[in-house]
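Residue numbering restarts at 1 for every chain, and letters A, B, ... go by the order of the sequence lines. When reading the values below, keep in mind they use all heavy atoms of this one structure, side chains included, and skip hydrogens, waters and symmetry mates.
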Number of protein chains: 4
Amino acid sequence: MAQNTASDSSRRNERSQRAILEAALSLVGEVGYEKLTIEGIAARAKVGKQTIYRWWPSKAAVLLDAFTAESEAGDFESFLPDTGDLAADLKFSLRATVDEFNDPNFQAPYRALAVAAANDAAAAEQFTSRLLEPGNKVYISRLHSAQEAGDIAADADLRIAAELLLGSFSQRWLMRTGELTYEFVDTVVDMVVNGLRHGA
Amino acid sequence: MAQNTASDSSRRNERSQRAILEAALSLVGEVGYEKLTIEGIAARAKVGKQTIYRWWPSKAAVLLDAFTAESEAGDFESFLPDTGDLAADLKFSLRATVDEFNDPNFQAPYRALAVAAANDAAAAEQFTSRLLEPGNKVYISRLHSAQEAGDIAADADLRIAAELLLGSFSQRWLMRTGELTYEFVDTVVDMVVNGLRHGA
Amino acid sequence: MAQNTASDSSRRNERSQRAILEAALSLVGEVGYEKLTIEGIAARAKVGKQTIYRWWPSKAAVLLDAFTAESEAGDFESFLPDTGDLAADLKFSLRATVDEFNDPNFQAPYRALAVAAANDAAAAEQFTSRLLEPGNKVYISRLHSAQEAGDIAADADLRIAAELLLGSFSQRWLMRTGELTYEFVDTVVDMVVNGLRHGA
Amino acid sequence: MAQNTASDSSRRNERSQRAILEAALSLVGEVGYEKLTIEGIAARAKVGKQTIYRWWPSKAAVLLDAFTAESEAGDFESFLPDTGDLAADLKFSLRATVDEFNDPNFQAPYRALAVAAANDAAAAEQFTSRLLEPGNKVYISRLHSAQEAGDIAADADLRIAAELLLGSFSQRWLMRTGELTYEFVDTVVDMVVNGLRHGA
DNA sequence: GCTTAAGCGAGACGGTACGTCCGGTCTTAGA
DNA sequence: TCTAAGACCGGACGTACCGTCTCGCTTAAGC
């Protein structure tokens, strides 16, 4: 968690912390990241402002904790099966991700975090290591298994392959340059899997 | 330009407008987008705040004008040649883009615009139509010519192909998940071109 | 007035200034000096806090202006007649002052100013020069005329005589060590006038 | 002492109490009454805040105890001799008081107490009964002996006489309207004694 | 001598106000 | 009429203290 080093976390008031994270999530859904204020969170959580500042360095940090706390409650990482059919497996997972990113309750805080990360290298580091990279790993690992099965080129750079899959998806979503549809991810998967097949 | 409809643009003071755009660019390079303020721009440009509010609806709009004004001064769009060798042409262009995005003077305002766009759909629309889409078009058009030459599958979705090329690039840059290098774009191009070759 | 040097007073909004002074006076009467807050004044005056900070350096300064503005509206300085009978004239004036200091509307802000002055040398300087000293002068001048008439010793220190009259009064009021009555001031006047009669 | 009734004073930690009083005195000398904080005292005394709140109801009460504790250590009440020469005796005593009030170590906490008393009737009651009134009594008693000796009028109000002596002194000091000098108190004494001589 | 209730240092907590910054609107003087 | 300047109302910032409230811990009294 992102607490200040100065304070003794064993004395945290659980009830307050939960109220803060819940307030942050619900508020960011209502007003967006830029209009999200620490005062607003404190007011909704019925908490003193200092209680937020004591434990988090910025609203981005609050939001990150809020988001991951909720995600860990459900089963966070979208499931990526390994049926032996790489393209099918990738499509399955990415279609689930499409649904997720079309859900306003997921989208609002996630966009807020992305904005914070784009803005500030420190936030980006947190965002990446706690949200993006775990997702990447799942894809890389599936690609690796395909590689070992001989389905894709032995020398393919799997990290970059994952970036093709997820970067195009992210960009379309973040800049709203198009709808996130099953067709879109299917096409992306086909192109990438095809590209990986014969020496790249 | 993004001016308000209310004012008569023939009466604009050119000197002031230029000073505002220059001030916006230099300030965003110094303090970043979130700490960029209208008051700060006005003060540096030695201009009344109202003069900014009269002609632009938001700091994102100022910045967008500032950025495009500078870009148009130089030759903005990265040149994409058509030598007949698709992969080589794409690499040539993307390597130039790598250089551009590694230039701090370019990077700071562009990142600011991307943040504004990620935040706000209206800003995104402007950002996309004035900066992203023109770039996309260049790539799509080159892909189209390759398609007509029979180098890539006839039924390939060229827009999505361009998104693969540029989205992975953008994501890596925006979230700072890795360095932008020639090797990176070369690999991306090879994968994508390979993927386009045989029906996708 | 106690405005900051930085601002151009010709651009003050009269309505706001008046509202601030009125709010300060009414609030100090309701809650006392220590619980008087700039935020409270701003809220009651329907004014931004900055508008107070722009023109006054402290709540003591606001209050001093508020108090003197009101006083100048009425005829501030208690009238001290010169009938030729020094003791009678002093009693007349001090009895009026007794009434004034027994009036809650007068007392609350005046006590607030006295507290501020006792606390802080800068406030004391303002308080003294704008409120105490003018009062002193009136008494000294009446004593001077009595001295010229031969009613009191030629070498008497009139400023100190005034301090005896007003200091004992002030102390009793400020520390609430006794009631302010006509009898009290009459006795004080008799003692002091008697003491001044034969070389002191 | 001003302790709360709720607590059992036999269990007080002497060391802590002393540290609190010393911290209060030294801090008030450094920052003044308004900027004196309970947290600051606790921090300097290396004591929990609750230990202060347990034993004193306000910072004024702490300060009053701190001040009287120190005073009782030395011989607090300025000696007022009775040589038969009233004026000389009063001058002797008041000159000593002048020295006292010109001593910064004495002045700072005493001013703080006076401010607290001026502000708040409850503090005033404590301040008066524990510091002012004992001083008054000494003067009244000396005047009484002079009255019995026939040096001053038999019907003179001796309390008011004492108020003349001490009130003018206090006022000059509190509002810093002039220096406290031997000449000043000498003149005050001469006027008052003279005024008391023949029926007042 | 053991236990148990208190005082204790520490500091988190819900609050209030601070003094500052900036947003976006409005007013004024001058070119 | 547009501009530079900046006052205005409003709202959020991040900080300082308030007075209350747990926490473990020490410690002294009374069983």
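- Residue I20(D) contributes atom CD1, which lies 13 Å from atom P of dG7(E) at whole-angstrom precision.
- Not one N or O on the side chain of K35(B) forms a donor-acceptor pair closer than 3.5 Å with the backbone of L27(B).
- No donor-acceptor distance shorter than 3.5 angstrom exists from the side chain of R44(D) to the backbone of A24(D), with no hydrogens or angles considered.
- Residues passing the side-chain hydrogen bond (donor to acceptor under 3.5 Å, both in side chains) test with R176(A), sequence neighbours excluded: none.
- In this structure, the side chain of T68(A) engages the main chain of D65(A) through a donor-acceptor pair within 3.5 Å.
- Nearest to the side chain of Y53(D), among dC21(E), dG7(E), dT20(F), sits dT20(F).
- Distance from the side chain of R11(C) is smallest to dT27(E) among dT27(E), dT22(F), dC17(F).
- Between E14(D) and K59(B), the residue anchored closer to the 5' end of DNA chain E is E14(D), taking for each the nucleotide with the nearest heavy atom.
- Whole-Å rounding puts the I52(C) CD1 to dA17(E) P distance at 13 Å.
- With I41(D) as reference, I20(D) is the one residue of V47(D), L63(D), I20(D) to meet the side-chain contact (heavy atoms from CB on, under 4.5 Å) rule.
- Across every non-hydrogen atom of M175(C) and A117(D), the tightest pair is SD-CB, 3.7 Å.
- Closest to the side chain of K49(C), from the set dC9(F), dC18(E), dG11(E), is dC18(E).
- Within the 4.0 angstrom heavy-atom criterion, only backbone atoms of the sugar-phosphate kind lie near Q17(A); the bases stay farther away.
- Distance, I41(D) CD1 to dC17(F) C1': 12 Å, rounded to whole Å.
- Put simply, the side chain of E34(D) reaches to within 4.5 Å of the side chain of E34(C), judged on heavy atoms.
- The residue among V47(A) and V47(D) whose nearest nucleotide of DNA chain E lies closer to the 5′ end is V47(D).
- Every residue two or more places apart in sequence or in another chain that forms a side-chain hydrogen bond (donor to acceptor under 3.5 Å, both in side chains) with E39(C) is listed here: K49(C).
- Each of L36(D) and T51(C) was matched to the nucleotide of DNA chain F holding its nearest heavy atom; the match closer to the 5' end belongs to T51(C).
- For R15(A), the side-chain hydrogen bond (donor to acceptor under 3.5 Å, both in side chains) test picks out no residue, with sequence neighbours left out.
- To the nearest angstrom, C1' of dC25(F) lies 18 Å from NZ of K46(D).
- For Y110(C), the ring pair (Phe, Tyr, Trp, His ring centres under 6.0 Å) partners at least two apart in sequence or on another chain are F67(C), F101(C), F106(C), F127(C), W173(C).
- Checking dG14(F), dC13(E), dG7(E) against the side-chain heavy atoms of I38(A) singles out dG14(F) as nearest.
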Could you go through nucleotides 29-31 of chain E and list every protein N or O atom that sits under 3.5 Å from one of its N or O atoms, giving the distance for each pair?
none

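- Atom CD in E34(A) sits about 18 Å away from atom P in dG11(F), given to the nearest Å.
- On a pure distance criterion of 3.5 Å, no polar donor-acceptor pair joins the side chain of Q50(D) and the base of dC8(E).
- Of the residues in residues 22-29 of chain D, not one places a heavy atom less than 4.0 Å from an atom of DNA chain E.
- Contacts of S16(A) with the nucleic acid, taken as non-hydrogen atoms under 4.0 Å apart, involve only primed sugar atoms and P, OP1 or OP2.
- E39(A) places its CD atom 14 Å from the C1' atom of dC22(E), with the value rounded to the nearest Å.
- The nearest whole Å value for the distance from the CZ atom in R54(D) to the C1' atom in dT22(F) is 13 Å.
- Atom P of nucleotide dG14(F) and atom CH2 of W55(A) are separated by 19 Å, given to the nearest angstrom.
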